[in-house]
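For reference, the structure discussed in these notes is given below.
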2 protein chains.
Amino acid sequence: MSATQEDYIKVLFELGGKSRNVSNKSVAERLELSPPTVTEMMNILVTAGYVEYVKYKGASLTDSGTRYAKHIIRKHRLWEVFLVEKLGISIDAVHREAELLEHVTGDDVADKLEVFLDYPKFCPHGGAIDFDEMDRQETELKTLSEVEVGRTVKISRIIDEEKLLMFFKTQKCDIGDILVVEDVDEQIDLITTYNKTKDQRLQLSLSISKYLFVETA
Amino acid sequence: MSATQEDYIKVLFELGGKSRNVSNKSVAERLELSPPTVTEMMNILVTAGYVEYVKYKGASLTDSGTRYAKHIIRKHRLWEVFLVEKLGISIDAVHREAELLEHVTGDDVADKLEVFLDYPKFCPHGGAIDFDEMDRQETELKTLSEVEVGRTVKISRIIDEEKLLMFFKTQKCDIGDILVVEDVDEQIDLITTYNKTKDQRLQLSLSISKYLFVETA
DNA sequence: AACATACTTTAGGTTTGCCAAAATTAATAT
DNA sequence: ATATTAATTTTGGCAAACCTAAAGTATGTT
Ligand SMILES: [Mn+2]
Ligand SMILES: [Mn+2]
Ligand SMILES: [Mn+2]
Ligand SMILES: [Mn+2]
């Protein structure tokens with residue numbers, strides 16, 4: 001599989017392709033490609049046995065595809081841990097680097113890297129490295145936007161997209177922080193929370209809060 | 001520049017393209033490509049400003065091309081040090097991995113990696129990491145095949161090609177070993193040396209000895 | 001039931017990096 | 001000077017990933 005194809009598989013996984021049917025449009029948006037390009041690639045990935053595709057309905061991952069995606073994601077996250085913890089590169093810069101490293105890392109290197117890093121459980125953005133824990137995160141985590149007013153939650157994971165990471169860097173807000181959801185205003189697209197850990201108010205748009213994964217604290 | 005193009009530039013450098021004109025055939029052999037493919041790429045690299053090309057005579061690197069090659073080679077060697085020293089991967093396996101990693105390593109990552117590794121001077125095969133030391137090696141090192149009978153030399157560098165590394169692994173023979181050249185027989189393609197460091201006789205074909213770089217001990 | 005709209009697919013085309021076969025050139029030997 | 005040989009270049013073609021424009025489909029609205 002080419003690096004290109006691995007990125008498609010990964011996006012399918014990240015968009016829930018293990019269970020749902022993922023639309024070509026969403027894949028195209030994520031990878032910044034045109035929809036026809038995605039259609040074409042889906043057919044290739046079907047032939048390769050990683051994807052099931054229903055015309056006009058979208059793609060889902062086969063077991064083989066899901067396993068493959070997890071392997072790449074594991075490598076991605078191991079590199080992120082290395083880059084942050086050993087090289088001291090900032091948390092918002094590592095994603096771009098890992099996005100390339102993940103495709104040129106043999107299984108043996110990944111395994112030895114994991115040992116060297118002393119079996120980290122999560123990447124710097126809170127993503128699980130262990131396969132089972134990946135599954136658990138997918139079922140048990142919800143986005144901050146889905147939390148009812150009044151609930152107290154813990155920030156478990158930030159989707160690592162460049163812009164978001166910059167936002168969370170400027171706002172003082174980290175993985176593990178405890179938030180109380182004080183108000184959700186769909187009209188003005190705003191969610192108001194109180195960050196207990198940092199002892200300060202945190203307001204953010206609902207659209208951004210969709211990329212913040214939390215679990216009941 | 002694509003990874004492909006970076007590999008061409010690197011091969012030109014390794015084949016002496018800083019000073020000599022390198023033939024398309026030798027590049028084609030090294031990269032396991034057809035000669036027409038190389039001709040084609042040379043024209044592209046001329047346009048990009050990295051190569052000067054004289055039809056039917058071969059390619060040489062411009063200053064810009066030389067600098068570029070050194071940057072890639074530095075990254076390659078830094079990764080090799082990391083893979084051997086930190087992950088414990090064997091010396092004959094790291095080359096293949098570094099061959100890919102070198103193309104996806106930002107300058108910042110390379111710099112931080114160098115700090116993390118505490119400024120190593122050489123890769124596991126004896127290749128210099130510092131630009132000036134690369135130049136020194138190129139001018140001062142000669143191949144074992146060029147040494148006169150009776151001379152005592154130190155193994156400074158092994159060209160990292162898969163097959164050779166395997167050979168030097170089975171023979172007990174490492175960077176830094178002191179060799180005395182006892183006999184050179186061009187007829188039967190054999191060079192006989194005595195490895196002072198390991199206190200044992202070492203015989204190898206002249207063709208292989210062309211890939212062993214030494215300096216007067 | 002007909003329409004509008006949003007998404008998907010098809011069709012045709014580009015670029016990069018590769019190839020084999022044939023033609024050309026340079027260098028060497030006679 | 002001519003012939004042979006080896007390397008190089010030209011030519012024509014292919015596959016992977018991308019694109020735009022146009023045609024087709026599904027779905028919800030009136
Ligand atoms: Mn990637
Ligand atoms: Mn991450
Ligand atoms: Mn390479
Ligand atoms: Mn090396």
Side-chain angles (χ1 to χ4, degrees), chain A residues 1-17 20-61 65 68-69 72 96 99-100 102-104 207, chain B residues 1-17 20-61 65 68-69 72 96 99-100 102-104 207:
Chain A
M1 290 263 284
S2 66
T4 303
Q5 293 181 6
E6 289 181 348
D7 278 335
Y8 277 90
I9 295 284
K10 247 185 42 177
V11 165
L12 285 180
F13 184 86
E14 286 163 3
L15 294 178
R20 268 185 299 285
N21 269 331
V22 178
S23 74
N24 283 359
K25 199 203 175 198
S26 60
V27 174
E29 264 166 15
R30 201 56 112 73
L31 293 173
E32 300 184 90
L33 298 169
S34 74
T37 302
V38 176
T39 304
E40 213 170 33
M41 183 58 80
M42 287 312 160
N43 291 320
I44 292 168
L45 294 175
V46 166
T47 307
Y50 296 117
V51 161
E52 265 171 58
Y53 193 70
V54 184
K55 264 198 178 184
Y56 294 100
K57 281 200 70 184
S60 61
L61 288 169
Y68 201 132
I72 304 294
R96 151 181 281 119
E99 198 56 54
L100 299 176
E102 63 188 359
H103 307 292
V104 294
S207 27
Chain B
M1 291 263 283
S2 67
T4 302
Q5 295 181 4
E6 289 181 347
D7 278 335
Y8 277 90
I9 295 284
K10 245 185 46 177
V11 165
L12 285 181
F13 183 86
E14 285 163 4
L15 295 177
R20 270 185 295 287
N21 268 332
V22 178
S23 75
N24 283 359
K25 199 204 175 197
S26 59
V27 174
E29 263 165 16
R30 200 57 114 71
L31 292 174
E32 300 185 87
L33 298 169
S34 73
T37 302
V38 176
T39 304
E40 212 170 31
M41 184 58 81
M42 287 313 159
N43 292 320
I44 292 168
L45 294 176
V46 166
T47 307
Y50 296 117
V51 162
E52 265 171 58
Y53 193 68
V54 184
K55 264 200 178 183
Y56 294 99
K57 281 200 70 184
S60 61
L61 288 169
Y68 200 133
I72 304 294
R96 152 181 280 119
E99 198 56 54
L100 300 176
E102 64 188 357
H103 307 291
V104 295
S207 27

To the nearest 0.5 Å, what is the distance between CG (B:Leu12) and CG (B:Asn21)?
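If we round to the nearest 0.5 Å, B:Leu12:CG and B:Asn21:CG are 10.0 Å apart.
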Among residues at least two apart in sequence or on other chains, which ones pass side chain to side chain contact (heavy atoms under 4.5 Å, CB included) with A:Leu31?
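Residues passing side chain to side chain contact (heavy atoms under 4.5 Å, CB included) with A:Leu31: A:Asp7, A:Tyr8, A:Val11, A:Val27, A:Leu33.
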With [X], which residues qualify under salt bridge (Lys or Arg N to Asp or Glu O under 4.0 Å), at least two apart?
X       : result
B:Glu6  : none
B:Arg96 : B:Glu162
B:Lys25 : B:Glu29

Per-nucleotide protein contact string for nucleotides 2-16 of chain D (B base, S sugar-phosphate only, - none; heavy atom under 4.0 Å)
-----SSBB------
What are the bounds, 5' to 3', of the part of DNA chain C that sits under 4.0 Å from heavy atoms of chain B?
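Going 5' to 3' along DNA chain C, contacts run C:dG17 to C:dA26.
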Enumerate the residue pairs fulfilling side chain to side chain donor-acceptor pair (under 3.5 Å) with a member in residues 33-54 of chain B, sequence neighbours excluded, ordered by first and then second residue.
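Listed by first then second residue: B:Asn24-B:Thr39, B:Asn24-B:Tyr53, B:Ser34-B:Thr37.
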With sequence neighbours left out, what residues match A:Ser60 under side chain to side chain donor-acceptor pair (under 3.5 Å)?
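With neighbours one apart ignored, the set is empty.
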For B:Glu14, which residues count as a side chain to side chain donor-acceptor pair (under 3.5 Å) partner, sequence neighbours excluded?
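B:Arg30.
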Separation of atom CE in A:Met42 from atom C1' in D:dC18, rounded to whole Å
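Spelled out: CE on A:Met42 to C1' on D:dC18 is 15 Å.
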